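Notes follow once the structure below has been shown.
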Amino acid sequence: AEPDRTGPTPSECFTVNGADYRGAQNHTSPDGRGQPCLYWNQTQKHAYNTAKYPNGEWGLGSHNACRNPDGDVQPWCYVLETEEGIYWKYCDIPSCHMPGYIGCFLDSGNPPALSGSSGTSSKLTIQVCIRYCRKRGYKFAGVEAGCACFCGSEGDLRWAQPVGAVECDQVCFGKASELCGGDGRIGVYDVSVGACQGNFSAPSGVIYSPDFPDDYGPDSNCSWVLRPPGSSAVELRFQIFEIRDPNDRLELRDGRSRRLLAQFDGHHRPGPALLLPTDVLFLSFRSDQLLHAQGFAVAYREQGGWAPGRLGSLPGSGRGGEWGLVLAALLPSGSRQHCSTLSHLRPVSLRRTCLFVQKKSGGLPGSFSSAAGPRCRCQCLGGEAWAVAYRHTGVLICSRHPRPLPGSDDETVSDCTCLCHSYENLAPSSQSSLKSLLSPS
């Protein structure tokens, strides 16, 4: 029978060497097979244990799950307390593969697992092979024996025989922290990994920075477009964000209006989750000549069926969509502590409501200005405020009780909300619903 090609196991890892694995597998093989791992808090004779690293570094703790604390080529664990013979082993974790990694396959050479162009290099890395195959129009790139690169198409893998991930155990000649297949074993990747541009229409996926898993290069100018089918919003989760240069910038824009929704750089990191109410999302990344790093891996998925008053929980959040979550996601990490001041607000639903959030500073702290005139009639004290577009209407949310501007007879500031110049343009039902969203629990 033809092998199942329904897709790889959902990934628990986004780094090529599984350094970010935080799963629970505690044997060297899945489903309890293989040797059991020792507990990290009981391996006092070894280099990596909780006595030396008590603060959860690299995921170590009072457990015996596989980890990769030393940046090896894949997660591993200790299997013997003494350092005689083989006292540690790699872990074969099917769920620990970076998205875009297809798997490890047997390659007998007759016929080859991937039948397209091929070559060898003493400086081979995963991305070197991916670029080689991408430029030649192939779908897949395969690395083998540490130095060989093969290219192929969908048809090549139809009858390929998958083998365990630990059989692709040869270090890449060009990068000792990566694995490039093995002896008669080929590790296969989709060539979209690390591409500088792309159009994504699947309901979910991952976008990598250019040249990932290698560092992005100088003068990058890349863009990607997300159009998940039937979606009215896009949820983003940054699994990796390693950008050190403040001039290297990732921008997120509405794909239709090109309005800036958020931007991040070496000084402003994204929060854990972003929920962006647009059916088309445009991402762009630019770098300069200095301080290059690994870049980013951002997972996306569609969020469809928006309706007033309801919003499903974000994965891993354990709660519904809240003002605090969305504000924390969109504000730079340095400003995120201010979001705790909104904890008095009850959980609310943001169906096409929170279109843009930005910390205010300078001038009249937290006040709006308008080309039509200074119609904002209140201000937030202390400089803690956020501008929010609610149903295309400008609203100012204060984290402390606001006061009217001098000379104003505004009476709409009794709660912690300042409603500015276009509030009166909302329909009565929308005015009521907005006030109810912002009322104390």
Side-chain angles (χ1 to χ4, degrees), residues 4-16 18 20-23 93-103 130 134 139-140 154 157 188-210 212-213 222-241 250-256 261-262 264 270-285 295-307 310-321 325-326 329-330 349-352 354:
D4 180 17
R5 293 280 175 248
T6 57
T9 307
S11 181
E12 293 185 87
C13 299
F14 289 82
T15 55
V16 71
D20 59 334
Y21 178 67
R22 297 296 182 267
I93 309 174
S95 61
C96 185
H97 56 80
M98 57 177 281
Y101 177 64
I102 308 303
I130 287 176
R134 186 193 301 132
K139 170 68 174 174
F140 298 118
E154 294 271 7
L157 291 184
V188 180
Y189 292 82
D190 192 296
V191 298
S192 64
V193 173
C196 189
Q197 60 185 8
N199 289 282
F200 295 79
S201 58
S204 62
V206 176
I207 297 175
Y208 292 104
S209 53
F212 192 93
C222 304
S223 61
W224 307 267
V225 179
L226 301 184
R227 291 187 178 90
S231 174
S232 56
V234 179
E235 176 195 329
L236 300 182
R237 285 187 172 270
F238 282 84
Q239 307 294 339
I240 297 171
F241 190 84
L250 175 66
E251 293 184 349
L252 311 178
R253 294 180 178 272
D254 185 295
R256 298 190 183 279
L261 302 177
F264 308 106
L274 290 84
L275 189 59
L276 304 176
T278 177
D279 60 343
V280 181
L281 183 63
F282 180 80
L283 300 86
S284 64
F285 176 71
F296 55 84
V298 55
Y300 78 88
R301 74 171 189 173
E302 65 179 358
Q303 289 283 338
W306 282 34
R310 300 186 63 186
L311 178 60
S313 296
L314 296 176
S317 70
R319 307 178 68 178
L325 172 64
V326 177
L330 290 176
S349 300
L350 302 180
R351 304 284 189 181
R352 284 212 178 274
C354 191

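As the structure is a computational prediction, the values presented were derived from the model and not from experiment.
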Table please: side-chain donor-acceptor pairs of residues 189-198 below 3.5 Å, with sequence neighbours left out.
from, atom 1, to, atom 2, distance (Å)
Asp190, OD1, Ser192, N, 2.8
Asp190, OD1, Ser192, OG, 2.9
Asp190, OD2, Lys139, NZ, 2.8

Under a 4.5 Å cut-off applied to non-hydrogen side-chain atoms, are [X] and [Y] in contact?
X: Pro228; Y: Val234; result: yes
X: Val280; Y: Val225; result: yes
X: Ile102; Y: Leu157; result: yes
X: Glu154; Y: Phe140; result: yes

Could you tell me whether a side-chain N or O of [X] sits under 3.5 Å from a main-chain N or O of [Y], the two making a donor and an acceptor?
X: Ser209; Y: Phe296; answer: yes
X: Thr278; Y: Leu281; answer: no
X: Asp20; Y: Phe14; answer: yes

Minimum heavy-atom separation for [X] and [Y], please, with both atom names.
X: Pro229; Y: Ser201; result: CD-O, 2.9 Å
X: Leu274; Y: Ala262; result: CD2-CB, 4.4 Å
X: Ser223; Y: Phe282; result: CB-CZ, 3.7 Å
X: Tyr21; Y: Cys13; result: CB-SG, 3.6 Å
X: Cys96; Y: Gly18; result: SG-CA, 3.7 Å
X: Arg301; Y: Ser204; result: CB-CB, 3.8 Å

Atom pair [atom1]/[atom2] of [X] and [Y] - distance to nearest 0.5 Å:
X: Ile207; Y: Leu236; atom1: CD1; atom2: CG; value: 7.5 Å
X: Met98; Y: Thr15; atom1: CE; atom2: OG1; value: 8.5 Å
X: Leu252; Y: Phe285; atom1: CG; atom2: CZ; value: 12.5 Å

Here the salt bridge (charged side-chain N to carboxylate O under 4.0 Å, His left out) pairs for residues 197-209, sequence neighbours left out, are none
Using 30° and 60° as the class limits, which term best fits the ring planes of Tyr208 and Phe212: parallel, tilted or perpendicular?
-> parallel
Item to check | side-chain contact (heavy atoms from CB on, under 4.5 Å) between Arg227 and Asn199, worked out | outcome: CA-CA 8 Å; Arg227 291 187 178 90; Asn199 289 282; 3.6 Å; yes
TODO: Could you walk me through whether Ser232 and Asp279 pass the side-chain hydrogen bond (donor to acceptor under 3.5 Å, both in side chains) test, one step at a time?
DONE: CA-CA 5 Å; Ser232 56; Asp279 60 343; over 6 Å; no
